[in-house]
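Here's the structure we're looking at; comments come further down.
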Amino acid sequence: MRSGQARLAIDYGSADTTAVLAWPDGTWTPLLFDGEPALPSAVLLSEDGTTVTGHHAWRAAPATPHRFIPHPRQPSEQRLAVADTDVDPLDLVAATLRHVAEQAHQLAGTGIDDVRLVVPAGWGPRRRTWMRHAAHRAGLPPPQLIDAPTAVAGHLLATGLQLPVGAYIAVCDVGATAEVSVLRRGPAGFEVLATLADPTAGGTAIDDALTTLTTSPPGTGGQRWAVTASLRAGKHALTDHPAVTVPLPDGPAVVLHTGLLDQAAQPVLHRIAHLTTEAITAAELTPRDLTGVYCVGGTARLPLLAKTLTDAGITPTLVDQPTLAAARGAADAGATNTTEPTTTEEPLPPVRRAAAIALPGFASLALVSQFLLTPEWRGSLMYREAVLNWGELTMAAVFAVIACLSAGTVLASTIANRTTTPTSPGIHTGTGILAAASLGVAVSGMYAVVGSLYVGYPVNGFLRWTLLPITPTITAAAVMALIAARQWRTPAGGWSKLLAFPTGSVLTAAAGMLLIQYSLTADRWPHLILWIDLAGRVGGLLLGIGTVMAVVSQPILRLILSAPLAVITAALVSWSASGILGAIYAIAVTTWWLRQMWTHLLRPHHPHRAPQ
């Protein structure tokens with residue numbers, strides 16, 4: 001007998017029930033029922049009112065089929081009519097749980113006070129309460145209910161999977177029915193983002209199809225359950241053998257082979273693949289955003305499932321001991337071997353992303369340098385007046401903010417990845433965004449002050465063209481910092497990816513404004529006037545294209561919208577309209593930030609749930 005209080009975790013499924021006993025030292029053992037780790041959830045109600053559970057119920061079903069209930073787990077408000085008797089399914093579920101409790105008590109040798117029940121993620125409070133009542137009626141202590149995908153994710157961590165905070169996974173739970181869930185690992189545990197269930201896409205549907213293919217016509221009454229039991233046993237044997245002979249009652253034996261099983265399973269597995277794709281989409285993710293797709297349940301062992309998912313663009317991983325994964329995870333089996341979770345909010349950004357951050361910084365320095373060094377001076381020596389390209393100064397300030405925010409987020413994620421304190425990584429990210437926004441404001445203000453001193457004009461006009469255009473972006477950054485700190489939602493790919501402004505837009509728009517300023521200030525030699533004016537118009541075209549690239553991400557829409565806007569900005573190239581050109585681009589940048597915030601953070605998130 002092991003020392004310490006044992007924990008009992010029960011995964012009560014629609015067709016089979018598995019259970020695990022775990023001890024504080026991390027050791028665990030599955031409960032065996034007639035030598036098998038899975039106890040059929042089926043129940044047979046005998047004439048004297050007692051219940052027969054598990055394998056004994058299946059063996060007795062052919063003799064008394066009208067008293068046999070293969071799937072007792074029903075909606076909480078539903079009642080069953082068994083042999084003209086009204087039966088509460090709660091009593092049937094309690095009978096199976098009581099059988100498990102007796103087996104656990106016998107193995108542990110002592111009472112068990114810590115019980116965990118695995119339930120589908122799509123269950124609402126009514127069905128969860130119903131399950132607690134079943135546990136109470138079975139004589140179990142008040143159980144802790146754990147979502148099946150969360151339990152599986154815990155099992156993956158306990159078995160050594162490196163899963164950083166902020167990562168996304170999908171759990172494809174395929175037993176008698178199918179449930180696919182998408183989870184995100186947060187600082188405090190796993191969060192179910194979306195879950196979809198289909199009771200017709202699982203092992204039961206495959207059993208029915210297999211029965212139709214092998215028996216004609218399908219049996220009725222007791223013969224039906226005897227055939228189903230034989231074919232289920234044969235189906236499980238096919239995981240280790242290419243073909244098996246299955247004896248059938250009142251008929252010749254049937255040879256089951258993998259080709260026949262694949263024929264029966266193919267429509268069901270295609271539905272599971274579609275369900276997986278829908279669940280990922282419901283979580284507002286793509287398969288590339290996921291760290292992995294992990295398959296559990298008895299039906300998950302079918303080789304055709306992996307091929308079907310792969311054909312759908314999803315790379316699956318079959319979890320070790322798939323029928324026990326949820327129960328093991330719920331019991332925290334092997335918790336002492338669990339590696340400490342990394343405290344990173346996201347994987348460190350790649351070097352190419354860090355290099356791309358430098359582009360808006362260099363563009364900002366180039367624009368402000370040209371702005372200061374190439375003013376147009378008019379008037380006499382005593383009354384000289386500087387004509388300035390205010391749009392160029394605006395764009396320099398905007399690029400400075402973009403560079404600071406992108407670099408600040410990368411720095412914050414790096415600090416969160418290296419820190420050993422228990423502080424939430426979202427705090428580091430939020431602090432980094434705020435600090436970067438403050439730095440961007442400071443740099444923009446410095447541009448205004450330096451410009452005022454260099455040109456000799458009051459600072460008010462310079463501040464108006466540097467600080468006002470970036471105010472909406474700074475406001476959006478402050479909201480993002482609050483979201484990051486409170487962990488309301490982490491964007492797919494991490495914060496550094498979210499704040500990575502399109503480098504193509506930066507490069508195109510900066511080149512356009514540099515050409516515009518050159519055309520406005522270049523010496524007007526008669527033989528070069530045409531070429532200088534052409535440079536300005538090309539700069540206007542580039543600025544318009546860069547503006548569209550900031551607002552629109554789809555290539556087709558970029559192509560459609562670039563032509564008219566580029567023509568407009570090219571026509572506006574002049575001293576009097578230079579400020580308008582800079583303001584247009586500042587508005588485009590603000591639009592990009594608002595779109596990022598709405599699409600990835602603030603848009604209502606309605607994960608699809610299974611019917612309650």
Side-chain angles (χ1 to χ4, degrees), residues 1-41 43 51 53-55 72-73 90-121 123 127-159 173 175 189 296-298 319-338:
M1 183 183 303
R2 298 173 177 85
S3 61
Q5 180 63 50
R7 299 185 300 274
L8 172 62
I10 305 172
D11 182 7
Y12 183 91
S14 178
D16 294 300
T17 298
T18 57
V20 163
L21 270 179
W23 283 265
D25 62 359
T27 58
W28 66 279
T29 184
L31 296 187
L32 298 180
F33 308 93
D34 294 335
E36 298 288 337
L39 172 69
S41 300
V43 174
T51 54
T53 60
H55 299 285
R73 197 176 75 181
L90 196 67
D91 293 325
L92 306 178
V93 175
T96 300
L97 295 179
R98 192 178 301 114
H99 187 166
V100 174
E102 293 170 354
Q103 193 74 8
H105 179 77
Q106 181 179 353
L107 181 61
T110 183
I112 299 174
D113 297 326
D114 187 353
V115 176
R116 291 100 185 269
L117 280 179
V118 178
V119 296
W123 275 17
R127 298 205 69 177
R128 292 170 186 264
T129 301
W130 182 82
M131 200 66 186
R132 289 190 179 94
H133 288 165
H136 175 73
R137 196 166 295 187
L140 292 169
Q144 176 186 353
L145 300 190
I146 301 176
D147 289 343
T150 303
V152 172
H155 168 67
L156 294 173
L157 291 181
T159 53
D173 190 348
V296 297
V319 176
D320 183 40
Q321 295 182 305
T323 58
L324 292 174
R328 283 191 62 184
D332 294 330
T336 56
N337 297 324
T338 304

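Interatomic distance, CD1 of Ile146 versus CD1 of Ile10, reported as 11.5 Å (0.5 Å rounding). Rounded to the nearest 0.5 angstrom, Asp173 CG and Asp11 CG are separated by 7.0 Å. How far CE of Met131 is from CG of Leu145: 8.0 Å, rounded to the nearest 0.5 Å. Separating the CZ atom in Phe33 from the NE2 atom in His55 is a distance of 8.5 Å, to the nearest 0.5 Å. Here the straight-line distance linking atom CZ of Arg127 with atom CZ of Arg132 works out to 14.0 Å at 0.5 Å rounding.
The two residues Ala330 and Val118 make their nearest non-hydrogen contact at CB-CG2, 3.6 Å. The heavy-atom pair separating Asp113 from Pro141 by the smallest distance is O-CG, 3.6 Å. Taking all atoms of both residues into account, the shortest heavy-atom contact from Ala331 to Val20 is CB-CG1, 4.2 Å. Counting all heavy atoms, side chain and backbone alike, Leu21 lies closest to Ala6 at CD2-CB, 4.0 Å. When all heavy atoms of Pro143 and Leu117 are compared, the pair lying nearest together is CG-CD1, 3.8 Å. Heavy atoms only, all atoms of each residue included: Tyr12 and Arg73 are closest at O-NH1, 2.9 Å.
A salt bridge (Lys or Arg N to Asp or Glu O under 4.0 Å) check over residues 133-144, counting only residues at least two apart or in different chains, returns the pairs Asp88-Arg137, Asp91-Arg137. Applying the salt bridge (Lys or Arg N to Asp or Glu O under 4.0 Å) test to every pair with at least one member in residues 13-23, sequence neighbours left out, gives these pairs: Asp16-Arg232.
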Intermediate values then yes/no, side chain to side chain contact (heavy atoms under 4.5 Å, CB included), Leu8 and Asp114: CA-CA 6 Å; Leu8 172 62; Asp114 187 353; over 6 Å; no
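Checked by atom type and distance alone, the side chain of Arg7 never pairs as donor or acceptor with a backbone atom of Arg116 at under 3.5 Å. The closest donor-acceptor contact from the side chain of Arg128 to the backbone of Trp123 lies under 3.5 Å. Using a distance-only test at 3.5 Å, with no hydrogens or angles considered, no donor-acceptor pair links the side chain of Thr27 to the main chain of Trp23.
Test Val93, Leu97, Thr17 against Ser41 for side chain to side chain contact (heavy atoms under 4.5 Å, CB included) and you get one pass: Thr17.
Remark: the Thr96 side chain and the Thr53 side chain contain no N/O donor-acceptor pair separated by less than 3.5 Å.
Put simply, the side chain of Pro37 reaches to within 4.5 Å of the side chain of Leu32, judged on heavy atoms. Counting heavy atoms from C-beta outward, Thr18 and Leu39 have side chains that stay 4.5 Å or more apart.
Legend: residues meeting side chain to side chain contact (heavy atoms under 4.5 Å, CB included) with His133, ordered by chain and number and at least two apart, are Leu90, Thr129.
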